[in-house]
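Both ligands and their constituent atoms are indexed starting at 1 by order of listing. Since the structure is predicted, the reported quantities are computational estimates derived from the model, not experimental observations.
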Amino acid sequence: MAKYTIDFQPVGRRVECSEQETVLDCARRSGIGINSICGGVGTCNACRVQIVSGKISKPTDIESGVFSPEELKAGWRLACQTHIPGDCRIYIPPESMTTPQRLQVEGLEISVIPKPTVATYDVQIDAPSLSDLRADAERLLKSLNHQYNLRCRQIDQSVLHTLSPQLRSEQWHCQVAVRGNEIIYVNKAGSRCLGLAVDIGTTKIAGYLLDLSNGKVLVSRGLMNPQISYGEDVISRLTQSMISEESGKQLQSLLVESLNQMAAGMCSEVGAKVTDIVEAVAVGNTAMHHLFLGLPVRQLAVSPFVPVITSALDIKARELNLKFAPGVYVHLLPNIAGFVGADHVAALLSTGMRETKDTSLLIDIGTNTEISLVKKGRITAVSCASGPAFEGGHIKYGMRAASGAIERLRIEGNAVHLQTIDNVPPVGICGSGILDAMAQLYLAGIIDKTGKMTDNYPRVRNGQKQREFVLAENPEIVVTQQDIRELQLAKAAIRTGIQALLNAHHCTDDDVRQVIIAGAFGSYIDVSSAIAIGMLPSLPLDRFHQVGNAAGAGAKLSLISLSQRNLAQKIAENVHYLELAGTPDFMRLFTEANYLGRYRLEDSRRRYLD
Ligand code: FES
């Protein structure tokens, strides 16, 4: 019987499936939660999925009754009706999942005095008469400038299209949103003045709706980046976008659509309209930044990986098809380099790294890990290709942090103690669990310093092609020798980046007084496991701080404070970017950093600490 692989997204779990099974059967067998209210007989439509790549079976009569021809063409099917004739990638939308992904949006909360770029004013305007024939626009400008002592001179053209009827229907009393010397929106008097901050990650998007009058966060929301169905890491996303102009546009519109939905959902949660948003700030890595703006990405994907632009940008929402008021601006924080983006600038801003007196490291771990070292006000950044292993990619039973993912584990004697997300039976293993597994296997002597797995342990067996360690038996979850190799590459990339920065600043591990670990994955890892495998330098645990979504916190700061926004620009201008592959001894460092254990890298050699 032919077997095929289904890559379930955004869960990130790959499962073998036969053509006889339905997609729903396969998901159930693997513990992946797809809604099936009717039990799989095709009457509830709760199991909608989208086959985004690979072969698609002909729709059944039931599916033809549920989906439009366009939807069927776009790969939408019912999981309980669809059989798979070949390898494929399937996207499970949030409404079809039994339990949501873990999407971390929380981060540092820093209070600054709110002084946003946009201010709103309630304006009383004199109605025209035979003795006052001024045009409506001039009338509005004059009243606004006079009542608030401003020097506003410009009105966005979208405002002009609706201004005359609006002033009359509001009986010459309205709220005006002003940015610089431009009126960007006219709203009902007394409307709310809201702002949106978004951190567009390769995997996840975090959104924050703020009240700009007091800087308070009203709602936070996380969602999976919908582009994930077109590739998990930055490079595959860029490759997809380069296929054709159409593919690039498709990736952009997927993102824009989900931002529109997220903004509308957050506004309705607080009884506001999406047009009450008068300013937005977006941060993301350079690739996400370019895909969001629809900029060309070919030069980003090939050496020497040059972005189109690194400076901050202000773009009208209408140019991006965002459904805020059309004259509203979206501010994009500056990037640093091809693989160190505005999200890292935002993280540097929110963690106060520029002002810190102590030699400090900021590490944002992801499929691409950005690291900065700050010493005496000088900031140097590197980007490390850590790959998708910590997101569960390239790991046999790897998955993202969703229900049923093993997130912690301990090995005691022959027993393995597992902790899963939501305390349900294990489905797979996510990043923090994989990190623990590697540390525990090493500490128990089941893998050696080179990462080689012994066969002299009850839970180790010879699999089809390689040794594997059995974590759970029903359903079966193993860590293979190949998984260990993937993790070694990922952790070596990070340790090499850290060491290259230390070398560039002529300092050692001991000089580092604080290590700030940012990002969703970094928040959940056990730092002692990361030290045990040599991913992080061996320092006292109280020097490590896991701060959550620091990029999101920086986006919020830049939204509510113009001075913080200006500071972000200064940070980006002053960061020295170090191209890791061009650093002396890079390959030797990387080779050494592949080894496990607690060690220093001195003169590019390991010196074990125990
Ligand atoms: Fe009800 Fe598929 S499970 S329609």
Asker: In terms of relative ring orientation, are Y457 and F469 parallel, tilted or perpendicular, with 30° and 60° separating the classes?
Answerer: tilted

Asker: Just to be sure I'm reading this right: ignoring hydrogens, which of C47, A79, S36 gets closest to atom 2 (Fe) of ligand 1? Compare them by their nearest heavy atoms.
Answerer: C47

Asker: Counting each atom of ligand 1 from 1 as listed, which ones have a heavy atom of G40 under 4.0 Å away?
Answerer: 3 (S)

Asker: Quick one: look up the protein heavy atom nearest atom 4 (S) of ligand 1 and list residue, atom name and how far away it is.
Answerer: N45 N, 3.2 Å

Asker: Is C80 close enough to atom 1 (Fe) of ligand 1 that one of its N, O or S atoms comes in under 2.8 Å?
Answerer: no

Asker: Assess the residue pair T239 and S236 against the criterion (side chain to side chain donor-acceptor pair (under 3.5 Å)); give the C-alpha distance rounded to whole Å, side-chain angles, the decisive distance to 0.1 Å, and a yes or no.
Answerer: CA-CA 5 Å; T239 308; S236 50; over 6 Å; no

Asker: Which atoms of ligand 1 are found less than 4.0 Å from any heavy atom of T43?
Answerer: 4 (S)

Asker: If you define the side chain from C-beta out and look only at heavy atoms, does anything of N35 sit under 4.5 Å from C47?
Answerer: no

Asker: Between atom CG of L333 and atom NE2 of H344, what is the distance when rounded to the nearest 0.5 Å?
Answerer: 13.0 Å

Asker: Would you mind reporting whether Q9 and I90 have side-chain heavy atoms less than 4.5 Å apart?
Answerer: no

Asker: Which atoms of ligand 1 have any heavy atom of C44 under 4.0 Å away?
Answerer: 1 (Fe), 3 (S), 4 (S)

Asker: Quick one: are D61 and E63 in side-chain contact, heavy atoms under 4.5 Å?
Answerer: no

Asker: Considering only heavy atoms of G42, which atoms of ligand 1 have at least one such atom less than 4.0 Å away?
Answerer: 4 (S)

